[in-house]
Amino acid sequence: MNKYFEGIKIQVLSAYQFRFNTVTNLFFWNLNIIAAFMFWMVIFQQNDIVGQYNRQEMLTFILLIKVTSMFAFHMICIQISQLIKEGGLSYHLLLPQNFFLQLYYKTFGSKIVDLFLALILFTLIMPVIGILQGVSIDFSKIGYFIIAIIIGSIISYLIGVIVGILAFFVQEVFSIIWIVLVVINFLSGQFIPLDLFPDRISTIVTLLPFSSFGFFPARILIGGLNTTDILRYFIVYLGWCGILLLFSHWLWKQGLKKYTSVGA
Amino acid sequence: MLFIEGFKISLMRYMVHRTNFILMWVQNLVHIGFTLASMEFIYYYLDDIMGWNKYEMIILISTTQVINAIYRGMIRPNHSRFTHSIKDGTFDFMLLKPVKSIFSMNIGNFDFSSFLGMILPITVIFLYIPKTTSFLVWTNIAMYSVLVFNGALIVSALMFLIYCMSFIFIQVDRLEEIYYTIMSIIEKPREIYAGVLSGIGMVALIPLMVIAGIPTEILLGKTDLSNSVWCIGTAIFLIALSFVNLKAVLNKYQGASS
């Protein structure tokens, strides 16, 4: 297991080594949140309630969806498809470790650094413009939130793996990746909360795997779900985990049969 | 002449990968579809946002996407080429070319798939304009078209200034995120930012506010033509700054190749 934790360590050191890159990225991550906050604050100046959300719940939702999106690992598809297309995968296949576990831990490591620094910056910037007072978190559900984040990160990772593996079969994989990323962002609740969708669509969309790494964890901490609902969703998402794991495993095996590379 | 040659080579490359074009259209279609759906869902609960109704908001977002298509189609491939060349040392060859550095760093390569991606948002603008205003003033349409290209110039100059940091810092991959932040800021009405960020904050955001906001307001007749001075002035200032900045950072550049 140590070799995988080394991956986390390397990412932390790398973030420190390239401090400018890390800090700039996080500064703009904060700016992104501020823009979203301002948009909704203006809306709530004109309206007390939007859907089921009051001002405080919406601002909390925006903050939480940005935090949870940090643990959405579907972007890994770009790295995997690049390795396949450029032949770099051959090197990883020769290493005495599981390629996907190693990649997961490395991604996890970089996200931990991001989250830590982002929250420091966030707590420094937000009080200055008086936005933080609008946020209210239900800390009694923090345990469920952490479990949801872990399940969400696994599901998003598996989706990323499946999309990345498509590079074995499809020539123009990068265009497909961008299409999938737009769909994922929308269906995970990054654009607007999923419960602002019409009722029937909202029910279907929240049961899809995409809501597990955006909307669902955020909704837990806002306090909109009771324990029974949370457990029911956990079962659904664990089911998705199983399905995606089996499918990615099968797809990987099929892809390796097609894979060829020279040199590396 | 060099511009035309670059255009021809990019076109030939693009004709080889025609599937990319179809997929880029699908991507644009999906993106526009979700944008329209988001607006439908939000405006189901609201009548307007700071005086912007649903149709006006869709036109603002589509304008942002047109600017995005111009930048991604004409400038961005060159920006990523020069940032990568600094990292791997091949920027030396760019300096050796008998062309002004600022030209080869900004123009030459085209991404036709991204550039033609503007057709869909333009179609949306044409479809939604009749729903927003009963009459269109031709001078406003002409000024809107000029200011949209001006907006793309501002985005290009801003991104060029940001990417020039590659001369100082080695790893700048994640500066890419800044672009998406800029896009997400400019696709919202400027009135949103006016309330919270007054004074210095608002001044700092002026370059962003004029990219898509003022052109759309002019098209919709929400503001008068005199505001276009801000847009054009911002573009001139940022382009001049890009020249000065490039001169300064080139003095710091140390080649890593040859």
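First the proteins, then the strands, lettered A, B, ... as listed; each starts at 1.
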key: B:Phe237 atom CZ, over 12 foreign heavy atoms within 6.0 Å   = no
message = Is any side-chain heavy atom of B:Ile42 closer than 4.5 Å to one of A:Trp40?
response = yes
Close side-chain approach of B:Asp47 to A:Gln46, heavy-atom, < 4.5 Å = no
request  = Would you mind telling me which of A:Leu187, A:Ile176, A:Val180, A:Ile192 has the largest number of heavy-atom pairs within less than 4.5 Å of chain B?
outcome  = A:Ile192
query = Does B:Tyr44 reach the side chain of A:Pro198, with side-chain heavy atoms less than 4.5 Å apart?
reply = no
ask   = Which one, A:Trp178, A:Phe39, A:Phe186, leads in non-hydrogen pairs under 4.5 Å with chain B?
value = A:Phe186
ask   = Non-hydrogen atoms of chain B under 4.5 Å away: do they reach the side chain of A:Phe197, the backbone, both or neither?
value = both
query = Is any side-chain heavy atom of B:Phe34 closer than 4.5 Å to a side-chain heavy atom of A:Val182?
reply = yes
key: From CG (A:Leu196) to OH (B:Tyr45), nearest 0.5 Å   = 5.0 Å
message = Would you compute the distance between atom CD1 of B:Ile185 and atom CE of A:Met38 and round it to the nearest 0.5 angstrom?
response = 8.5 Å
message = For the CD1 atom of A:Ile177 and the CD atom of B:Gln27, what is their distance to the nearest 0.5 Å?
response = 11.0 Å
query = Can you tell me if CG on B:Asn251 sees more than 12 non-hydrogen neighbours from other groups inside 6.0 Å?
reply = yes
Segment of B:Asn28 engaging chain A (4.5 angstrom heavy-atom cut-off) = neither
